[in-house]
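Predicted, not measured: the structure shown is a model, and the values here were computed from it.
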Amino acid sequence: MEVLRVLLVLALLLGSVQRSECVRCFARFHLSSGECDEELGEVDEDDCCQNPNYGYQATDGCQSCGPPAWSPWSPWSHCNVLCGRGVRQRSRKCFGIGQECDNANNNLQIEPCNGTCCEDSGWGQWLPWSPCSVTCGGVGVRRRERLCSSPPECRLSCSGPSQETENCAAHNKCPVHGGWSSWSGWSHCSGSCIDDQRGDVIAPSRKRHRSCSNPAPSNDTVPPGNSCPEDDVQTQVCSELPNCPVDGNWGVWSLGGPCSVSCGEGLQLSTRKCDSPAPKYGGRYCDGPSTQSSICQSPCPVDGFWSGWSNWGECSASCIPQRQTPVRSRRRSCSNPAPSTSPRGAGCQGDNHQVENCNHLPHCKVDGVWGSWSPFTSCPVTCGVGLQVSTRNCDSPTPLHGGRPCPGEGRRTSICSTNIHCPVDGMWSEWSNWNECKYPHRGRDIRCTQKGGSQNRVRECLHRAHNGSICSGDSLMERRVCYDVDKCYVKGSWEGWEMWSLCQPTCGEKSRRVRRRFCKPDYSNYSPTIGRQHEKATFVGTPRADCGLAPDGGQKFQVEPCVNAPACS
């Protein structure tokens, strides 16, 4: 029971631990653009932001893990009217974790402008229509476009689409190009044997046919369909046939003599030979006796002779695979003539079968296959989170001869966490306002006198944490010498107009900007330096400078409405 109580308490404690939201973490945050770069993966926001240089994807865009900081001001926008008086604006964003940036509401500025597009022509003429997407047999589409000839600040004058489409029809029928049917079977050879008694030996042949009917080319279209390429008949020599038999014929009688042969028919007195021509390829021997007196006769053996080689057969494959070459073969028979059996004639010498490599074929395509994944690299960071990488190569085998590359990625990543917060370097705060200009000795009022005093302002080194660097420089306070001239009467002279202010407020019909004529106080009675160190003096406060009547009717202030300021949301 006690063990169960302990487990219950642990479960409650673990359940109360707050984990931050899981976010997409990036190794770079660009303050100038507000964009994240080099994605690491999904981790808890707290883990990602252990490194102040990182950023993460938030619902309203990318956010920095560093201390709060303003982005640079954006460029001024184009004037919000094409012609006449309008406004343009620029903005900045505060990025970072924790409290807001200084002057948090100063994120938008607007100022008057004049639209310069009063004479802008906007769109140019429509370009010619493109050809119809079909040239025969139905309805297609054609397109045309126009170009905006305005400069970038006048692009609003080009309203409407830059491209338009319309249907187009092609009423003529599409041509049908011819296609071959399958080959017919081979015909019988034009002869049963090869006649070598003629001067030009022509072996019998066989043929096969195909027709241009799959489909037949169209004749009723413009243009007509293309006929099938190449021939509709193939001829093949029947080289595997035996030679034609040649019958023997007697020559002239010889002078008589002893029996001239040890086998077959011999002559004792006079002989004649069967050699005009001699029988070949199984042809008939000469009829009749070869002697005129007595015949000595015994059968002679007949030696075998090869027929011609057959055509090469089909290759054992249609392409050459790796580490193996396809082959093809051909045969011949010992039948031209066949060796006699009684008495036994000699058989044919050599092989009746030949094999050769099909080196003329193309190589087979080899699709790529991934090799094994490499081990993950070590964690590349000493604080925060980093990215470990594992790779594999498409080399088992490598794609060859047009084979498909390996599908998928050759790189995978894994996030590693050090659970150590990276140092956060300090950042200077804005300087405080200058304090009151005071005389060095207490109790003496120096306002409106020519007695010099001094004033200070301070700043802080903010956001430093986790052994980060302190702010560069050692100035926490600045001091300057001064004269207190606040609300003091001094003579002055008019020095023209000050710069116009920005429009305030930044929206709505009441937006205004102001400027005032500058009445330059005359401080010639004051020493330009103060103290033994002759430090340059600063005049503090707003004096009641008297410059007399202002020129141009005495106008000292000007107010101008900011026309066409954006409406307040």
Side-chain angles (χ1 to χ4, degrees), residues 2-71 93-102 104 370 372-393 408-429 460-473:
E2 185 62 28
V3 173
L4 291 176
R5 187 178 295 109
V6 171
L7 291 176
L8 179 60
V9 171
L10 286 174
L12 292 173
L13 288 174
L14 290 173
S16 65
V17 175
Q18 293 290 328
R19 292 296 293 169
S20 60
E21 182 183 358
C22 191
V23 296
R24 291 170 59 197
C25 185
F26 295 80
R28 295 286 180 274
F29 177 82
H30 302 284
L31 185 63
S32 59
S33 63
E35 295 180 352
C36 290
D37 193 13
E38 298 183 30
E39 183 171 359
L40 300 176
E42 292 192 355
V43 296
D44 287 333
E45 179 183 331
D46 290 344
D47 291 340
C48 181
C49 286
Q50 287 178 348
N51 191 322
N53 296 316
Y54 283 9
Y56 62 91
Q57 191 68 36
T59 54
D60 57 346
C62 200
Q63 188 58 267
S64 168
C65 287
W70 284 112
S71 71
K93 288 186 177 182
C94 179
F95 296 104
I97 294 178
Q99 63 270 38
E100 295 177 340
C101 297
D102 294 334
W370 289 112
S372 300
W373 286 104
S374 69
F376 278 100
T377 57
S378 58
C379 196
V381 295
T382 57
C383 63
V385 296
L387 201 64
Q388 297 172 285
V389 178
S390 172
T391 59
R392 59 179 176 174
N393 296 321
E409 299 295 331
R411 181 178 183 270
R412 63 181 179 180
T413 59
S414 175
I415 293 180
C416 55
S417 177
T418 63
N419 294 318
I420 299 174
H421 204 293
C422 294
V424 180
D425 297 336
M427 296 174 56
W428 286 117
S429 68
E460 297 179 82
C461 185
L462 303 176
H463 311 306
R464 179 174 177 265
H466 307 288
N467 294 320
S469 300
I470 61 173
C471 300
S472 60

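In this structure a side-chain-to-backbone donor-acceptor pair under 3.5 Å is missing from S64 to G55. S71 places a side-chain N or O within 3.5 Å of a backbone atom of K93 that can act as its donor or acceptor partner.
Annotation: side-chain contact (heavy atoms from CB on, under 4.5 Å) contacts of W428 (sequence neighbours excluded): R459, C461, C471, L476. For D37, the side-chain contact (heavy atoms from CB on, under 4.5 Å) partners are R28, H30, not counting sequence neighbours. Applying the side chain to side chain donor-acceptor pair (under 3.5 Å) criterion to N419, with sequence neighbours excluded, gives S417. Residues satisfying the side chain to side chain donor-acceptor pair (under 3.5 Å) criterion with Y56, sequence neighbours excluded, are E45. Residues meeting the side chain to side chain donor-acceptor pair (under 3.5 Å) test with E39, sequence neighbours left out: R24. Looking at residues two or more places apart in sequence or on another chain, you find a ring-ring contact (aromatic ring centres under 6.0 Å, His included) between H421 and H466.
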Inset, instruction - Determine, step by step, whether N51 and V381 satisfy the side chain to side chain contact (heavy atoms under 4.5 Å, CB included) criterion, reporting the C-alpha distance in whole Å, the side-chain angles of both residues, the deciding distance to 0.1 Å, and the verdict. - result: CA-CA 10 Å; N51 191 322; V381 295; 5.7 Å; no
Inset, instruction - Report the C-alpha separation of R412 and W373 in whole Å, then their side-chain angles, then the decisive distance to 0.1 Å, and conclude whether the side chain to side chain contact (heavy atoms under 4.5 Å, CB included) test is met. - result: CA-CA 9 Å; R412 63 181 179 180; W373 286 104; 3.3 Å; yes
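When ring centroids are compared, Y54 and F29 stay outside the 6.0 Å threshold.
With 2.5 angstrom as the limit on SG-SG distance, C65 and C48 do not come in below it.
Put simply, the side chain of C422 reaches to within 4.5 Å of the side chain of P52, judged on heavy atoms. With contacts defined as side-chain heavy-atom distances shorter than 4.5 Å, the pair R411/V389 qualifies. You'll find the side chain of H463 reaches within 4.5 Å of the side chain of P68, heavy atoms only. Looking at L31 and F95, their side chains come closer than 4.5 Å, going by heavy atoms from C-beta outward. Two residues are said to be in side-chain contact when any heavy atoms from C-beta on lie closer than 4.5 Å; L40 and V385 meet this criterion. Side-chain contact check for I420 versus T382: every heavy-atom pair is 4.5 Å or farther apart. Looking at R464 and I470, their side chains come closer than 4.5 Å, going by heavy atoms from C-beta outward. C62 places none of its side-chain heavy atoms less than 4.5 Å from the side chain of E35.
Note that the CG atom of L387 and the CZ atom of F376 stand 9.0 Å from one another [nearest 0.5 Å]. To the nearest 0.5 Å, the span separating SG on C101 from CH2 on W70 amounts to 5.5 Å. Here the straight-line distance linking atom OG1 of T413 with atom CD of Q388 works out to 9.5 Å at 0.5 Å rounding. Put simply, CD1 on I97 and SG on C49 are 3.5 Å apart, with the number rounded to the nearest 0.5 Å. From C25, atom SG reaches atom CD1 of I415 across 6.5 Å, with rounding to the nearest 0.5 Å. With values rounded to the nearest 0.5 angstrom, W370 atom CH2 is found 9.5 Å from T391 atom OG1.
Residue E38 qualifies as enclosed at atom CD: its count of foreign heavy atoms under 6.0 Å is above 12.
Closest approach of Q50 and G384 over heavy atoms only: OE1-CA, 3.3 Å. The two residues C22 and E42 come nearest to each other via the heavy atoms SG-CB, 3.8 Å.
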